[in-house]
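Here the structure is laid out as structure tokens; the discussion comes afterwards.
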Amino acid sequence: MEIKACLFDLDGVVVDTAKFHFLAWKRLGEELGFDFTEEDNERLKGVSRMRSLDILLEIGGLTLTQEEKEAAAAKKNEWYVEFITKMGTDEILPGVKSFFDQLKAAGVKIALGSASKNAMMILERLEIVNYFDAIIDGTHVEKAKPDPEVFLKGAEAVGVQPGEAVVFEDAAAGVEAALNGGMRAVGVGDPAVLKGAQMHIDGFEGFTLEKLRAGLE
Ligand code: B16
Ligand code: MG
């Protein structure tokens, strides 16, 4: 089927903000009295902020009241935002812009499908807001990935059928969300983790629309 739109996850696909999420969660763990490792951080990729906090607390063996949880999540977000406000345009992952340019030239729509409530700020820092025909982020959805809501809304916003859209995702729950929505998925990262995706790439360096079409045939 023809590719009329490409829907992009943000963290881990367009930009590596996972390192900043990690530093902020680690600091929160330290404040709460336990260590949070990079390996633990893998469990938070693509997961919403509050669900991430639940996982962190589970790792630390702690229980907090709802009020304490909200305060902790707000604190973590403040630290995280501090990092991303310092981000420059060079943080965009290699090859992404050139791939966007090819999509634009071919008339393929571009949409964002991210769990992050900070997505707009990140796109502004990277100076790539104008590439997007639609931006669906954590402020627009109720259901987290693997629910397909974020991608279905993206496809709808750019006026294409799910079958005409291709999702780029670095998280297993994101690939699942795409498939649940009837879209094709390109896993960005380890094929063993991103099971079910129709195609896998390491990143966008050297990647082309032609390669995408060939890989999905
Ligand atoms: P925020 P994505 C996700 O972004 C991150 O992968 C995940 O680690 C984070 O917890 C989530 O956004 C929420 O982010 O705290 O900024 O709202 O991969 O869906 O682009
Ligand atoms: Mg991601």
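Nothing fancy with the numbering, it's 1 onward along the sequence. Numbering of ligands and ligand atoms starts at 1, following listing order. Hydrogens, waters and symmetry mates play no part in the numbers below; they use all other heavy atoms, side chains included.
Remark: the backbone N or O of D147 is not paired with any side-chain donor or acceptor of N180 at under 3.5 angstrom. For R125 (side chain) and G88 (main-chain N/O), no donor-acceptor pair under 3.5 Å exists by modelled atom type.
Not close to ligand 1: G12, with no non-hydrogen atom less than 4.0 angstrom away. By the 4.0 Å heavy-atom criterion, G46 is counted among the residues contacting ligand 1. Using 4.0 Å as the threshold, K145 has a heavy atom nearer than that to some atom of ligand 1.
Closest to atom 7 (C) of ligand 1, if we only count protein heavy atoms, is V47 O, 3.3 Å. Of the protein's non-hydrogen atoms, A115 N, 2.8 Å is the one closest to atom 19 (O) of ligand 1. Looking only at protein heavy atoms, the nearest one to atom 15 (O) of ligand 1 is R49 NE, 2.8 Å. Shortest contact from atom 2 (P) of ligand 1 to any protein heavy atom: D9 OD1, 3.0 Å. Scanning all protein heavy atoms for the shortest distance to atom 5 (C) of ligand 1 gives D11 OD2, 3.3 Å.
Salt bridge annotation for D137-K153: absent, with no cationic side-chain nitrogen under 4.0 angstrom from a carboxylate oxygen.
Contact of the I136 side chain with the L112 side chain is not registered, since no non-hydrogen atoms from C-beta on lie closer than 4.5 Å. When side chains are defined from C-beta on, L126 counts as touching E91, because their heavy atoms get closer than 4.5 Å. At least one side-chain heavy atom of E149 sits under 4.5 Å from a side-chain heavy atom of E142. When side chains are defined from C-beta on, E176 does not count as touching K195, because their heavy atoms never get closer than 4.5 Å.
Side-chain contact check for H21 and K76: at least one donor-acceptor pair (N or O, by modelled atom type) lies under 3.5 Å. Of the N and O atoms on the side chains of N77 and N118, at least one donor lies less than 3.5 Å from an acceptor on the other residue.
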Practice item. Might you work through the side chain to side chain contact (heavy atoms under 4.5 Å, CB included) test for I92 and E127, ending with a clear yes or no? Key: CA-CA 9 Å; I92 188 161; E127 294 178 11; over 6 Å; no
Determine all donor-acceptor pairs shorter than 3.5 Å in which one atom belongs to a side chain in residues 5-16; sequence neighbours excluded.
residue, atom, partner, partner atom, Å
D9, OD1, K145, NZ, 2.9
D11, OD1, T17, N, 3.1
D11, OD1, T17, OG1, 3.0
D11, OD1, A18, N, 2.9
D16, OD1, A18, N, 3.3

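Every pair passing side chain to side chain donor-acceptor pair (under 3.5 Å) that includes a residue from residues 30-41 is listed here, sequence neighbours excluded: K26-D35, E31-K75, T37-D40. Under the salt bridge (charged side-chain N to carboxylate O under 4.0 Å, His left out) criterion, no residue pair touches residues 205-217, with sequence neighbours excluded.
Under 4.0 Å from ligand 1, the heavy atoms of L44 that appear belong solely to its backbone. Neither the backbone nor the side chain of V13 has a heavy atom within less than 4.0 Å of ligand 1. When heavy-atom distances to ligand 1 are checked against a 4.0 Å cut-off, K117 comes that close through both its backbone and its side chain.
Annotation: N118 places an N or O atom under 3.5 Å from an N or O atom of ligand 1; distance criterion only. For ligand 1, one of its N or O atoms has an N or O atom of S114 under 3.5 Å away.
Comparing S116, A171, G113 by heavy-atom distance to atom 12 (O) of ligand 1, the nearest is S116.
When each atom of ligand 1 is checked for a heavy atom of S52 under 4.0 Å away, the hits are 10 (O). Proximity to L10 (heavy-atom distance under 4.0 Å) selects the following atoms of ligand 1: 20 (O). Interface atoms of ligand 1 facing Y80, defined by a heavy-atom separation under 4.0 Å, are 16 (O).
A cation-pi arrangement is absent between K97 and F99, since the terminal nitrogen or guanidinium carbon is not both under 6.0 Å from the aromatic centre and inside a 45° cone about the axis.
Closer than 2.8 Å to the Mg ion (ligand 2) sit the protein N, O or S atoms D9 OD2, D11 O, D170 OD1.
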